[in-house]
Amino acid sequence: MTHGLPSDLSTINRMMSPFSDPTAHTSPLLAQLNHEQHRAVALPAEHALILAGAGSGKTRVLTTRIAWLLQTSQVSPGGILAVTFTNKAAKEMKLRLQSMLPVNVNAMWIGTFHGLCNRFLRAHYQLAGLPQTFQILDTQDQLSAVKRLCKQFNVDEDRFPPKQVQYFISGCKEDGQRPGDVPVRDDETRRKVELYQLYEEQCLREGVVDFGELMLRSYELLRDNVHVREHYRRRFRHILVDEFQDTNKLQYAWLKQLAGLPGEGGECAILAVGDDDQSIYAFRGARVGNMADFVREFQVKHQIKLEQNYRSFSNILDSANHLISHNKTRLGKTLRTDQGAGEPVRVVESPSDFAEAQWLVDELRQLVKLDGFERKEVALLYRSNAQSRVLETALFNAGFPYRVYGGLRFFERAEIKHALAYLRLMENPNDDTSFLRVVNFPPRGIGARSIEQLQDAARAAGCSLHDAVSATTGKAGANLAAFVAMVDVLREQTEGLTLREIIDLVLDKTGLVNHYRAEKEGADRVENLEELVNAAESFVTQEGFGRSAVAMPQALSQSPASQGLSGSGSADLGTIDEFSEDGVIMSPLAAFLTHASLEAGDNQAQAGEDAVQLMTVHASKGLEFDAVFITGLEEGLFPHENSMNDFDGLEEERRLMYVAITRARKRLYLSHSQTRMLHGQTRYNLKSRFLDELPEACLKWVTPKTAGFSNLGNAAGSSASGGAWPQTPAFNRHARPAWGQSSLSTETYKSPPVPVQKAAPEHGISAGKQVFHTKFGEGKVLAVEGAGADARAQVNFPRHGVKWLALSVAKLTLV
DNA sequence: AACACGAGAGTTTTT
DNA sequence: CTCTCGTGTT
């Protein structure tokens, strides 16, 4: 980069901190950065916000910042905390850091929010009021825990579906609310809060915490324990937050506790990196508003925009810029690139989702054969998972290698969860969720009746299922006793064994492997169980969990802060024993179980496999490809109908589209279909409004020659322009013959598969018209199909949603 | 304990 | 349409 570096770096250094190394500007670390990146990396030790556009080198800035801080001795590794949302991002950060300078990345706290909270709670389990062996519930586990609770307290599952109760509980925790903090306005909420309370008691009794609890309990410990808080505030001098726009209320509150607001005596600097234009997780509690709050509450003086994009050609980038400029609520940012215009963005219309898939396969073949794209460098994106099916079918039939992201991950598979449940019971016999999962799996004659009796007994005695077994009698009691004995024996037998040996033994003695071996279709599951042994083996090697137990927080003893802690002097030291982190010992098994809960495993294509990648737009965030197809660009689908009715929802959909566009390096296809099978019926969709929000100059409206498509009037355009694929965008887009009455219908009417009526329909109802229905009220016509007695209209009623109405039956009147 | 049937739901997702 | 879940039957 020949971008001008700051005129005088030493001046900047002098302003920064007494630790600044005046020779820092010679550091090769900074040499390859552009001006904005350079400024961000070399910021003084004060709170700062980096607005990092897509493909602007965000990760590079984060890692280089850490490396630079260390290299210039402004901070020791122990003083660094860097937090991400995904394990993948954390892993990458560590990896890149390690490649930059020789540093023990384990001395720093680098991890996900939940990973770091886990680390923190393991260190302070007593102060946090948790058992040392607390287990982590994933979303599945949490739901089964809620279901169990609802059964136990005879909750009407129609009025309070367990899923909703779970959603409620998680939502409260993400807002930092305990049952007592939730404002109760109605009976329904009152009942839910009761269940939340009961759920908490159940979790505590069983020694388990869910994901939200990891965060909330960490936050509360920091908030309520001045010694712990002071300790960490002294320790972490630099906190770096990745994807800050995705933080929820609790995560931001946690950061505030950890760093201390100005005036609270904190000496730490937060570097928040994020992109409001890529905020696509509001539905799971993310608050973009945290960015503005951060600037205000932390009195942020340094805001830097990274707007130089190193990924895409400018036709792609300009499309993204133009699209996102339609959003009203933005901090404001425009990406630019030094690369040329590149190819135009191709826009394609197909008559059906089926035809779209077929066209896609043909185009993919050409892309690979003629244009030399690597298959794994091509992505097929869609808004919702259901869309993948038709694409997969076409790819499969064509024998074209593909890989679908998403779906069950390794540690979420039933057989793996079964094996883990045994291992968890060995660690923590009170874990009733795990107990119930495997008490009769493989089947050992313990039916629903015996389990119910056992649950009654446990409830009466206020103890765990495990402990209640001794009180049972009869044949069922004997079976239960045998089960408990088996787990107890395993616990003893595996003492001192390696993790691999432990798992081998458990898989064998519990009969899990044998059970699946006997099953007709159990071969895959047996294979997965074998893979579990491998996973454990590589975990031991990678994480350094050898034969002996390892102290979990390896970092603390090396930090200046903890040296102070274990030394003499500070007034707070009276409480050392209460949170002596060196005292926390984790067995390899316990560590592996934590790992399994917090890292459900890769969801991604294996590296090296040359297959085209299929995924949702959400899943594509953070990735990049040479060629990208965004499919299903239709109203109701993208933007999704559930999101397009409110302002915030639509803006988030647009950001989603922005994310999708900015994934592409060289070539971008935008595809939409006139008809689509959804929920077993064909829907007629208008093309997405997002297509109209792109700059015409960057686009090329390509349309494949498809049977039955000429009805729309494109055939005339095609022959007139001398080819099946019109070259003139303006012509193809705007010069369609007038059809119907309103100008809107000319633009958006979608041809049904039946022969198109050349005369205007007698009912006068056409797409775009406002109509009135006696029951549903006023609505907008999306499409009309058929003629005469068969004529049907698809109408979007604001109150009742999208409906198909037979015009001969429904009394629709034009408004 | 395995299987069969019917009801119901079907944006997006990481930890 | 297609998958999941829960209930009921053998």
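What's counted below: heavy atoms across the whole structure, side chains too, no hydrogens, waters or symmetry copies. Lettering follows sequence order; numbering is per chain, from 1.
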Side chain to side chain donor-acceptor pair (under 3.5 Å) against A/Glu653, all qualifying residues, sequence neighbours excluded:
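Counting only residues at least two positions away or on another chain, A/Glu653 forms a side chain to side chain donor-acceptor pair (under 3.5 Å) with A/Arg383, A/Ser643.
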Interatomic distance where [atom1] belongs to [X] and [atom2] belongs to [N] [whole Å]:
X        : N      : atom1 : atom2 : result
A/Tyr382 : B/dT13 : OH    : P     : 9 Å
A/Lys151 : C/dG6  : NZ    : C1'   : 9 Å
A/Glu599 : B/dT15 : CD    : C1'   : 10 Å
A/Arg389 : B/dT11 : CZ    : C1'   : 18 Å
A/Tyr281 : B/dT15 : OH    : C1'   : 12 Å
A/Arg119 : B/dT15 : CZ    : C1'   : 17 Å
A/Arg676 : C/dT2  : CZ    : C1'   : 17 Å
A/Ile630 : B/dT11 : CD1   : P     : 21 Å

Quick one: label [X] by what it contacts on the DNA or RNA (base, sugar-phosphate, nothing), any heavy atom closer than 4.0 Å.
X        : value
A/Ser597 : nothing
A/Asp246 : nothing
A/Gly445 : sugar-phosphate
A/Phe283 : base
A/Asn385 : sugar-phosphate
A/Phe113 : nothing
A/Lys621 : nothing
A/Asn248 : nothing

Quick one: which of [options] gets closest to the side chain of [X]?
X        : options               : result
A/His618 : B/dT12, B/dT14, C/dT2 : B/dT12
A/Ala619 : B/dT11, C/dG6, B/dT13 : B/dT13
A/Asn440 : B/dT15, B/dT13, B/dA1 : B/dA1

Strictly below 4.0 Å: does [X] bring a side-chain N or O up to OP1 or OP2 of [N]?
X        : N      : result
A/Arg409 : B/dT15 : yes
A/Arg444 : B/dA1  : no
A/Lys147 : C/dG6  : yes

Gap in Å between the two P atoms, one belonging to B/dT13 and one to C/dT4, rounded
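So the two P atoms sit 16 Å from each other.
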For the C1' atoms, the ones on C/dC5 and on B/dT12, what distance do you get once it is rounded to whole angstrom?
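It works out to 23 Å between them.
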Taking donor-acceptor contacts at under 3.5 Å, does the side chain of A/Thr139 reach the base of B/dT15?
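A donor-acceptor contact between them is present.
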Listed pairs, N/O of protein and of nucleotides 2-10 of chain B, under 3.5 Å:
{"from": "B/dG10", "atom 1": "N3", "to": "A/His679", "atom 2": "ND1", "distance (Å)": "3.4"}

Does either side chain, that of A/Arg287 or that of A/Asn290, offer a donor lying less than 3.5 Å from an acceptor on the other one?
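On atom types as modelled, these side chains qualify, holding a pair under 3.5 Å.
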Any luck finding a side-chain donor-acceptor pair between A/Arg654 and A/Asn327 under 3.5 Å?
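Side-chain D/A pair, A/Arg654 to A/Asn327: present.
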The test is salt bridge (charged side-chain N to carboxylate O under 4.0 Å, His left out); show your working for A/Lys417 and A/Asp138 and say whether it passes.
CA-CA 11 Å; A/Lys417 296 220 70 160; A/Asp138 67 15; 2.4 Å; yes
Could you tell me how the ring of A/Tyr516 sits relative to the ring of A/Phe441: parallel (under 30°), tilted (30 to 60°) or perpendicular (over 60°)?
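A/Tyr516 and A/Phe441: tilted rings.
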If you measure from the Lys or Arg side-chain nitrogens to the Asp or Glu carboxylate oxygens, is any gap between [X] and [Y] under 4.0 Å?
X        : Y        : result
A/Asp431 : A/Arg424 : yes
A/Glu200 : A/Arg178 : yes
A/Glu452 : A/Lys151 : no

By nearest nucleotide on DNA chain B, pick out whichever of A/His114 and A/Glu653 is the more 5' one.
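Nearest-nucleotide comparison on DNA chain B picks A/Glu653.
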Go nucleotide by nucleotide along DNA chain B from the 5' end; which of A/Asn87 and A/Glu652 gets its closest nucleotide reached first?
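Counting from the 5' end, the first nearest nucleotide belongs to A/Glu652.
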Cation-pi check, A/Arg284 to A/Tyr281: give yes when NZ or CZ is under 6.0 Å from the six-membered ring centre and within 45° of the ring axis, no otherwise.
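Satisfied, under 6.0 Å and within 45°.
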